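The shown structure was predicted, so the numbers you read here are calculated from the model rather than taken from an experiment. What you see below is based on every heavy atom in this structure, not just the backbone, and it leaves out hydrogens, waters and symmetry mates. Chain A is the first sequence line, chain B the second, and so forth, proteins listed ahead of strands; every chain is numbered from 1.
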Amino acid sequence: MVSLLIKNIPLKKRIYSGYIVTGILAFIIAFLSYGSLSTLADKFHAVITFSRHVEKIITFSTHMSEMQRQALIYTSSGHNAAGERVGEIYTHMLQDIASIQGKEKLDSYEYIQEAKKYLHTYYTTFQEVRKQRGIQQRLVRQEFRQYATNAQLLIEEQITSLQASNSKKTLQYYKMLNFLLQIEKNAYRYFDSLDSTFIYLATENIQKTGKVIETLLKEPKGDQAHLEEIARVLARYESSFLEAVQRTRGYLYLVNVVMAAQAYETIYQAERLSTMIAKNSDQLQEQMLDRASAISHFLLLLSGILLLFISVFSFLIIKSITEPLNRLSHTFRRLASGSSEAEIPKYLLKDELGELTRAAGSFKERNIALEESRKELSRSNEELEQFVYTVSHDLKSPIVTSMGFISIIRKLAGQGKYEQAVDKLDKVVKANERMSQLIRDLLELSRVGRMDMDKKKIDLNELLASFTENQSMRLKTEHFSFEITSKLPVLYANESRILQVFENILSNCLKYALNDKCGRLEIHATEDEKWWYIFCRDNGPGIPTEYHEKIFGLFYRLDSHTEGTGVGLAVVKKIMKFHGGDIQVEPQLQGEGAVFRLTFPKCQSDTSHQAGQNSKT
Amino acid sequence: MNRRSFLKKSSKLGAAALVTTAFPNIIKARNHKPTIRIVGTHVTLQEKIRQQAEKDLGINIEFYPGGSAEVLLKASTDPDSFDLYEQWSNSIKVLWQARTIQPIDTDRLVYWDEINSLSKTGRITEKARLGLGDAPYKLLYVQANNRLGSNATSQISFLPYVHNTDSFGYNANVVKQGIPYTTESWGWLLEKRFHGKVAIVNAPTIGLFDLALAVQAQGEMQFQDMGNMTREEVDQLFDIIITKKRQGHFRGVWSSVPQSVDLMASGEVVLQSMFSPGVSTLNGMNIPCIYAAPKEGYRAWHGVMCLSRACSGERLDAAYAFMNWWLSGWPGAFIARQGYYISNPQRSRPFMSEAEWDYWYDGKPAAEALRGTDGKISVQPGTVRTGGSYIQRFENIAIWNTVMDTYEYTLPKWSEFVLA
């Protein structure tokens, strides 16, 4: 996981992604918490609503009872205020029902509808009660009383008209008057007591009055018209009384039977509704508690998971940062100690750690270069020691030779052998000449890298063509051929020194070429990504492997009988080093000649130039 | 021609004769159809009956069905609003007292002689119990003093026609089925095992007697005359039932047959006062409602048809024709299919199948599936009507629905009971 992060996600992105992921998770937790708490709030709101509904429904029952009480007051006393109060309560209850129905979609909707239906029937019935009671009141207070008064007046009028002329008839009229009073008395007793016995008494007196009228009508000098008028009034009187009785029974039935049942059912449904809502509220509260508990557990769990995730994620991020940093610091410590072998950790991303890694790489390269320099210095010191030894040894040799011959000459001269002594002088001269040659070659060797070392682009094809031409006489004399068998590169080098390299190689070949066949030196070039390789192959005896390195040493000669100072190849080596290249002897089988491989570093300009040159040729 | 077809044919001929003899004025006025207005309850004011009557009589008939209280108030206060009034015998006292109905001449009733003794004497058989309260015969005849009584005269206050016995119904899924006339008792209405699951019909002239029978069956009180309680007895009765109501024994009261069905179907009630259509409806809903045959006897009711005081002329003729039509056979058979009896059942027999007669009147098991007035099967084969035959039922009348002298006194008491 860590390596995956290190390989694929840059440092900044890793840090940012850590914050972003943590932020997203925190947001998710906040969002989930919000959602859960919102649900809880909704349920809490529902509980509050339920409580309000229960409160309303409780008052609903109270209102219903009060409404029935007011209805009974109205029925018994006829107080319009009580009747109006029933209407007010009804309207108020309808508003309560509407508010309960309107705000929430309740399971108890059916019960509300039932209660509403009963309430509506109740109020409709009450309207009928008011109507019936109104009619009853009109009958009792107006019609009934009016007919009673009319009948009484008609009878009294007749009594007055009769004077004392007909005492028997007058008595009958008084009897009627008495019956009328009995009717009225019993009628009002009925309306007061609602005892149906008084109805019978009243109707009995009506019948008795009717019988008196019938008796009087039978008399010869009867006042038929007057009596018939009394009978008509009496009939209306009876009719209005009986209608009032039925209206009374009607509204009493409506109030005490119909309305009572509607009121009870309304209250019953309201209480059932109240119970249901209270039960729902309880359930909801339990659900709320469960929910709250579940939410707290959920949030706790989620927080734990988030903490764990953040810990793991942070660990991974930190690990992905510290691991390469630790590796780098270890590397830097080794690099600081001068190690050129410190391992540079692989880090491919181009971020700050990548920069550090690359810096470590540069540090290592410098250490390697330093190590190379140190080795080179050491080698130089060794070479210098060798050089000093060699020089002192090789320069000492002609001096010793000269001193030996001088001693001989002195001895010969002492003996007087002057001619022999003079002959020996040539030896001294040769020894001095050799020493002089050695000193020149040493001088030349010392100049390499110090003098005449300006570099420029040189086309090796042209340079060697010119070289061949210049050496043609010598080559011809030595029966030696110099062949360039492939295209040669353009090099950035010192022309005279490069020419010196090929001169020395050619001289070396000429010295060691086999005498029994024509000598040959082939030049060809190859290349790879970084280097040009110039191969110089001769057809001489070759160089044994054990001398492949030694031959580049100062004053080293494979054959001491051959002329030369043994400095030429050392000069070549130094020139090649100066150009950043090298010269080596390629391993060959015995008798296949020697192959010198010159190595020149490539550079962009060289390459392009070579291409340019090639395009010209 | 067998006996049944002969009877059927002769009955139809009789009906035709009825139209021509009892309704001569209408026949004469071929181009004029009088209209009669009939106020009553849904029990008999059914559309099929109206259509059949119009078809048979050639007159226009308007039905004005309504609730019991509503139609009684209308009939007792506004005789001009109706020609005929159909309700229960317990309304006769009120109507006669209100002077809104006129006597009916038995001479104009074609089938008067066929009306059985239940309506005329109060006993269906010699050994039958005489029910308490306002037995129809007590209010049938118009006496010389213009009061109603049992002495036969040529004028009657109402035409006796549809009648039945009522009791309580119970859900056999909950209540163990009792033995008719033996263990089934009105006292069940007050048994503690049904606490909170009992309902009573909301009518003081009916439900009060269910409660009185129950209280008496439980031995909690005795009545001097249950059919005409004194105020003291009313007070004592209500003290008992209001106490029980306050203790939560009663679920409440019901004001209509559908409400009684809903109460039992919903399970709120397992035992309650019931009417026959409610029991049939519940059985149709696969709720085994048993219509009890209480050992104390039934509470009976009698349908009455009264003539408005304001009815006269051709409308009076048409009203008589309609009354005679009701006893002519077809209506009695029609109403039998919803469990009600007619006062001259033999006239209806030809209009019923043998299986129908056996089941509805003879109390025998249904030989085949029987259809109700709506054409749907209401009785499955093998079913036996509870309470036995027509005779057996009406031999066991405990009380008739009655308007007592203490009627007004019972009303506020009833309200107190309902609201307790």
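- Counting heavy-atom pairs closer than 4.5 Å to chain B, the top residue among A/T125, A/I267, A/L252, A/L72 is A/L252.
- Using a cutoff of 4.0 Å between basic side-chain nitrogens and carboxylate oxygens, B/R99 and A/E243 are not scored as salt-bridged.
- Counting non-hydrogen atoms of neighbouring residues, nucleotides and ligands closer than 6.0 angstrom, the CZ atom of A/R138 exceeds 12 such neighbours.
- Interface check for chain B: of the options A/T197, A/D195, A/V245, A/T248, the most heavy-atom pairs under 4.5 Å are formed by A/D195.
- Neither the backbone nor the side chain of B/K74 comes within contact range of chain A; no heavy atom of the residue lies under 4.5 Å from a heavy atom of that chain.
- Only the side chain of B/Y407 comes within less than 4.5 Å of a heavy atom in chain A; its backbone stays farther off.
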Inset, instruction - Would you check, one step at a time, whether the test side-chain contact (heavy atoms from CB on, under 4.5 Å) holds for B/S76 with A/R249? - result: CA-CA 10 Å; B/S76 63; A/R249 285 178 164 173; over 6 Å; no
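- Both the backbone and the side chain of B/T77 come within contact range of chain A, each with at least one heavy atom under 4.5 Å from a heavy atom of that chain.
- For chain B, the nearby part of A/I199 is the side chain; its heavy atoms alone come within less than 4.5 Å.
- With 3.5 Å as the limit, one finds no donor-acceptor pair spanning the side chains of B/R147 and A/Q207.
- For B/R251, the parts lying near chain A are the backbone and the side chain together; criterion is any non-hydrogen pair under 4.5 Å.
- The choice from B/E416, B/K413, B/K245, B/E70 that makes the most heavy-atom pairs within less than 4.5 Å of chain A is B/K245.
- Residues B/P412 and A/N256 share a closest heavy-atom pair of CA-OD1, 3.3 Å.
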Inset, instruction - I would like to know whether A/E128 and B/L73 meet side-chain contact (heavy atoms from CB on, under 4.5 Å); could you show each step before the answer? - result: CA-CA 11 Å; A/E128 184 63 25; B/L73 184 64; 4.3 Å; yes
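- A distance of 9.0 Å separates CG in A/L242 from OG1 in B/T100, rounded to the nearest 0.5 Å.
- Once rounded to the nearest 0.5 Å, the distance linking OH of B/Y409 with CG of A/L194 reads 11.5 Å.
- Looking at B/N202, its side chain does come within 3.5 Å of a backbone N or O of A/V257 through a donor-acceptor pair.
- Between chain A and the options B/T406, B/D405, B/N145, B/V253, heavy-atom pairs under 4.5 Å are most frequent for B/D405.
- Scanning for side-chain hydrogen bond (donor to acceptor under 3.5 Å, both in side chains) contacts around A/R145 gives A/Y188, with sequence neighbours left out.
- Here B/S255 contributes atom OG and A/Y118 contributes atom OH; the two are 7.5 Å apart, rounded to the nearest 0.5 Å.
- With a 4.5 angstrom heavy-atom cutoff, B/Q259 touches chain A only via side-chain atoms.
- The OH atom of A/Y253 sits 10.5 Å away from atom OG1 of B/T410, with the distance rounded to the nearest 0.5 Å.
- Ranking A/Y251, A/Y268, A/Y200 against chain B, the residue ahead of the rest is A/Y268, based on heavy-atom pairs under 4.5 Å.
- Residue B/D78 holds its CG atom at 12.5 Å from CD of A/Q246, rounded to the nearest 0.5 Å.
- Across every non-hydrogen atom of B/L419 and A/A263, the tightest pair is CD2-CB, 3.8 Å.
- Heavy atoms closer than 4.5 Å to chain B are found in the backbone of A/S193, but not in its side chain.
- Of the listed residues A/E238, A/Q132, A/R247, the one with more heavy-atom pairs under 4.5 angstrom with chain B than any other is A/R247.
- Of the listed residues (A/G250, A/A244, A/A261), the greatest number of heavy-atom pairs within a distance under 4.5 Å of chain B belongs to A/A261.
- Around NE2 of B/H195, the count of heavy atoms belonging to other residues, nucleotides or ligands within 6.0 Å exceeds 12.
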